[in-house]
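What you are looking at is a predicted structure, and each value in this text was computed from that prediction instead of being measured.
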Amino acid sequence: MNFKEIRNAVESVSNEKGISEDVVFGAIEAALATATKRRVRENAEFRVSINWEANTCDTFRVWTVVDPDRMNAVPVPEPDHQIGIGTQELVGWENQIFNPDAHLTLEQAREKESGLEIGDTWEESWPNVDFGRIMAQIARQVIFQKVREAERERVATEYQDKVGQLISGTVKRSHRDSMVTLDLGNNVEGALYREHLIPRQIHRVEERVRAYLLRIDPDSKGPQLILSRSCTEMLVELFKLEVPEIAEEVIEIRGAARIPGQRAKIAVTTNDRRIDAVGACVGMRGSRVQAVSNELANERIDVVQWDADPVQLVVNAMSPVPIEQIMRDDDLHSMDILVRQEHHAIAIGSNGENVRLASELSGWKLNIRRYDDAIKEQEERELKLVEMFMSRLEADEELAQVLVEESFTSLEEVAYVDINEMLEIEGFTEEIVQILRERAAAALQEQVGEEESDAQSDAPSVELLSMEGMTDVIAWRLASQGVRTVSELADLAIPDILEMEIGVDAEFAGKLIMTAREPMLGVSGS
């Protein structure tokens, strides 16, 4: 292949693929320079210049003017011998060691040309290497590489703006359950990995498939389009296609949750009171929501009304399950949903899918409970509170019941709540409030004393702590097992102590027991 044939090939590819001819010509010249370097001298630098019109080739050896004192003792990077495989990042001469085959000091350079400065290059003509068949191989490799790079750039540019949108393709390959490859046209492919496929849905070759473009991943073989059919975003995008009011922003999708291939929930709203947001998304006789469901392997889709009130949103999300009561806990960001026995299983859903989707849609942790069980537990708690107030505050049953009905749940609340809040309770006078607060404070003080007494009763005695051979650690471990005095230790046998597993062996346990029995033995001997 001569220069003319190479030029014609480059022009043909340039016109077909839209690649700059200058870029390809420059890459071929760089590859030839590398081949020259490899054949002549590895440490030298060469430049090849081709006149494609005159079919001539010139080779130059290149030196760089450097300052040896500024060069770091860093090894010169090894040259890239793979012709046509990318371009190496240029390394400044300051990061190399002095290379006499490619570097000139300022003095040496000015002997060759007086106007040279640090950082300039000086070239001399060099005989052309007879490449023979290598010329054709280099040209083919460079052209192939540039075509591949152009294809990559085209794909990245064309599809970058489509990230976050639905795209269609034809199934090109199906690798069982691991991956499906879609042909998107124009020699572009997209990848549907297992985690992005709808479970149990089978795609056949040549089948037309829609998918959501998640991202574009860089790859050594070119950018890879990562698609998904299992993400929630695909559900939203399908509704935008089927419901014109969403695309026109008359209806807004405020939330969506999905278990791919099984069930999904989507919350919608509108600022136009004339429009029924849920009805518009469902469509005449369910035509719109059914179209989305068909695309997603007959996934069951619930369309609910969005509400700013989280409790009402949960009620809507759980529909059509009738809810008896909701108990909201802002601290735990959770709600207890109380339903009748006959609705309990439906509220939870198959494998918990209904409550799981409602929880994800609302952003709250939801606990489904039977109404009768919850009411029974609540009544038992209230009864215990009434008994506690009657006992600790010396109040009659009617007064204790009033406190429970007003949501008082502890002595601390009675003792320290704002006095004006208690005075707002019907029938409560300043005298009653003052008495209740004093009794609550006294009961709390008594409770603290009882706790301190219990703590002291669990401690080892002073005699046990000071007994000869005893350590504080062993004494406290014995106390935790109910042995708090010297006399209690004396009543034990060695196996008793070993069973406690307090970290002593039989010999040490025997010594402790004998020491504890010494006072008793002394009395007996007298």
Side-chain angles (χ1 to χ4, degrees), residues 305-319 321-344 347 355 358-359 361-457:
Q305 181 69 44
W306 169 267
D307 199 291
D309 179 10
V311 174
Q312 185 59 50
L313 177 59
V314 169
V315 172
N316 297 344
M318 294 295 296
S319 178
V321 178
I323 296 175
E324 299 298 325
Q325 186 177 345
I326 293 182
M327 293 185 289
R328 173 176 169 178
D329 189 330
D330 289 328
D331 293 333
L332 298 177
H333 202 68
S334 66
M335 298 185 193
D336 286 348
I337 313 297
L338 307 186
V339 297
R340 295 289 182 183
Q341 172 69 31
E342 58 270 23
H343 301 131
H344 186 259
V355 65
S359 178
L361 188 67
S362 63
W364 286 70
K365 181 181 178 181
L366 305 181
N367 305 309
I368 305 298
R369 303 183 60 193
R370 293 179 178 84
Y371 177 75
D372 294 340
D373 293 345
I375 294 301
K376 183 178 179 180
E377 291 177 6
Q378 184 176 353
E379 290 176 348
E380 291 176 352
R381 284 197 302 271
E382 290 179 354
L383 180 59
K384 290 181 180 179
L385 285 173
V386 169
E387 292 175 351
M388 186 268 291
F389 286 145
M390 291 175 63
S391 172
R392 306 306 294 268
L393 299 180
E394 300 178 10
D396 57 27
E397 184 176 356
E398 182 179 357
L399 182 58
Q401 187 69 44
V402 171
L403 289 172
V404 173
E405 291 174 356
E406 294 295 330
S407 301
F408 285 90
T409 60
S410 66
L411 294 173
E412 287 84 352
E413 292 179 357
V414 176
Y416 303 117
V417 75
D418 187 356
I419 190 171
N420 294 322
E421 185 176 334
M422 296 188 69
L423 288 174
E424 291 177 358
I425 301 175
E426 184 178 355
F428 275 35
T429 63
E430 291 188 8
E431 181 181 0
I432 293 176
V433 170
Q434 188 64 34
I435 292 174
L436 288 175
R437 289 167 67 87
E438 289 177 356
R439 290 179 180 177
L444 288 172
Q445 187 64 35
E446 182 181 348
Q447 183 174 317
V448 172
E450 291 174 353
E451 292 174 354
E452 291 177 351
S453 176
D454 290 341
Q456 292 176 357
S457 64

Heavy-atom pair of closest approach, residues [X] and [Y]:
{"X": "Val386", "Y": "Val404", "result": "CG2-CG2, 3.7 Å"}
{"X": "Arg328", "Y": "Pro310", "result": "NH1-CG, 3.8 Å"}
{"X": "Met422", "Y": "Phe428", "result": "O-CB, 3.6 Å"}
{"X": "Ala440", "Y": "Val414", "result": "CB-CG1, 3.8 Å"}
{"X": "Leu313", "Y": "Ser362", "result": "CD2-CA, 3.9 Å"}
{"X": "Met318", "Y": "Ile368", "result": "CE-CD1, 3.7 Å"}

Listed once per pair and sorted, the side-chain hydrogen bond (donor to acceptor under 3.5 Å, both in side chains) pairs that draw on residues 397-408, sequence neighbours left out: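 Qualifying pairs: none.
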Listed once per pair and sorted, the side-chain hydrogen bond (donor to acceptor under 3.5 Å, both in side chains) pairs that draw on residues 307-319, sequence neighbours left out: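 Checked against side-chain hydrogen bond (donor to acceptor under 3.5 Å, both in side chains) - neighbours excluded - the pairs reaching residues 307-319 are Gln312-Asn316.
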Examine distances only and state if a side-chain atom of [X] and a backbone atom of [Y] form a donor-acceptor pair shorter than 3.5 Å.
{"X": "Asp418", "Y": "Glu421", "value": "no"}
{"X": "Arg392", "Y": "Leu444", "value": "no"}
{"X": "Arg369", "Y": "Ala374", "value": "no"}

Within-4.5 Å side-chain heavy-atom neighbours: [X] and [Y]:
{"X": "Gln325", "Y": "Ile375", "value": "yes"}
{"X": "Pro322", "Y": "Arg340", "value": "no"}
{"X": "Asp330", "Y": "Trp364", "value": "yes"}

Heavy-atom neighbours of Glu430 CD exceed 12 at 6.0 Å: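 Open: at most 12 neighbouring heavy atoms sit under 6.0 Å from CD of Glu430.
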Glu413 versus Thr409, side-chain donor and acceptor atoms under 3.5 Å: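 Distance-only check passes for Thr409 and Glu413.
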